[in-house]
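Sequence lines set the chain letters: A, B, ... in the order given, protein chains first and strands last, and positions in each chain run from 1.
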Amino acid sequence: MPARESHRAKLERMHAEYALLCEAIPAPRCALHFSNPFELLVATVLSAQTTDRRVNSVTPALFGAYPDAAALAAADPETVEDIIRPLGFFRSKTQHLLGLATALDRDFAGVVPRTMDELTTLPGVGRKTANVVLGNAFGVPGFPVDTHVMRVTGRLRWRSDWRIAKSDPVKVEREICACFPPEEWTDLSHRLILHGRAVCHARKPDCAACPLNETCPSSLTR
DNA sequence: ATCCCGAGGG
DNA sequence: CCCTCTGGAT
């Protein structure tokens, strides 16, 4: 009988691996440094398929013109488009922003809500964005799962070669959360994302430089 | 060419 | 489950 790894053993192994990963990756700080929940929410929505540096380059003008939900809800779409154009997806993002601001103003009196269910009712806000806001603006434990996290965890847990594991992000979220105390979730997610960008690339992962090379079932250098 | 710390819609 | 949205950096 091929001794299948027990559930508990699996969790312990995962914990050890991620701990090693955390050791190897410098402590992350949220690059979208907005203390204001509204600004963090907007900046996080804007950050899809762009870099933080570019988001940071447009937010001064954006928040200068529209400091809160009510102002943004009343904004002229074309003006908003002009401001965020360099980010790409500017049409859908503008739609999201105006819809988001409208809903925020109408349903939550302009105050960013603090629960997953409420946040995800907002246009343009999915589970990943909601978890980023919860963790970084409110200190509410959450584990943001993006494509990097899917790829890195997929490669670590089973051989997934070059593809993103065809797995449910919510399942990944739950499994990771089961392995770590809540106060580590936000930080660990961020580290996995950074690791996915810096080392565990989609196309050409730098396995030789990976601290998990010894145990990763998808390693290309063993 | 390829990628960027996604979400909504078909 | 797939597709699309989009400009800029590398």
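Summarising the geometry, the separation between CG on A/L97 and P on B/dG6 is reported as 15 Å, rounded to the nearest angstrom. A/I84 places its CD1 atom 20 Å from the P atom of B/dC4, with the value rounded to the nearest Å. Per the geometry, CG belonging to A/D146 stands 9 Å off P belonging to B/dC5, to the nearest Å. B/dC5 atom C1' lies 14 Å from atom NE2 of A/H201, rounded to whole Å. Computed from coordinates, the A/R151 CZ to B/dC5 P distance equals 10 Å when rounded to whole Å. With rounding to whole Å, A/I193 atom CD1 is found 11 Å from B/dG6 atom C1'. Taking atom CZ of residue A/R127 and atom C1' of nucleotide B/dA7, one finds them 14 Å apart after rounding to whole Å.
A single hydrophobic cluster is seen to contain both A/F38 and A/L40, as judged by linkage of ILVMFWY side chains at heavy-atom distances under 4.5 Å, directly or through other members.
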Collect all protein-nucleotide pairs involving nucleotides 8-10 of chain B in which both atoms are nitrogen or oxygen and the distance is under 3.5 Å.
| unit_1 | atom_1 | unit_2 | atom_2 | d |
| --- | --- | --- | --- | --- |
| B/dG8 | OP1 | A/G124 | N | 2.8 |

Please enumerate all protein N or O atoms sitting under 3.5 Å from an N or O of nucleotides 6-10 of chain C, with distances to 0.1 Å.
| unit_1 | atom_1 | unit_2 | atom_2 | d |
| --- | --- | --- | --- | --- |
| C/dT6 | OP1 | A/R91 | N | 3.1 |
| C/dT6 | OP1 | A/R91 | NE | 3.4 |
| C/dT6 | OP1 | A/S92 | N | 3.3 |
| C/dT6 | OP2 | A/R91 | NE | 3.4 |
| C/dT6 | OP2 | A/R91 | NH2 | 3.2 |
| C/dT6 | O4' | A/F89 | N | 3.1 |
| C/dT6 | O2 | A/F89 | N | 3.1 |
| C/dG7 | N2 | A/R54 | NH1 | 2.7 |

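Shown are A/F143, A/F180, A/W185; of these, the ring pair (Phe, Tyr, Trp, His ring centres under 6.0 Å) with A/Y18 is made only by A/F180.
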Run the side-chain donor-acceptor check on residues 113-126 of chain A: report pairs under 3.5 Å with partners two or more places apart or on a different chain.
| unit_1 | atom_1 | unit_2 | atom_2 | d |
| --- | --- | --- | --- | --- |
| A/T115 | OG1 | A/E118 | N | 3.2 |
| A/T115 | OG1 | A/E118 | OE1 | 2.8 |
| A/T120 | OG1 | A/M116 | O | 2.8 |
| A/T120 | OG1 | A/D117 | O | 3.3 |
| A/T121 | OG1 | A/E118 | O | 2.6 |

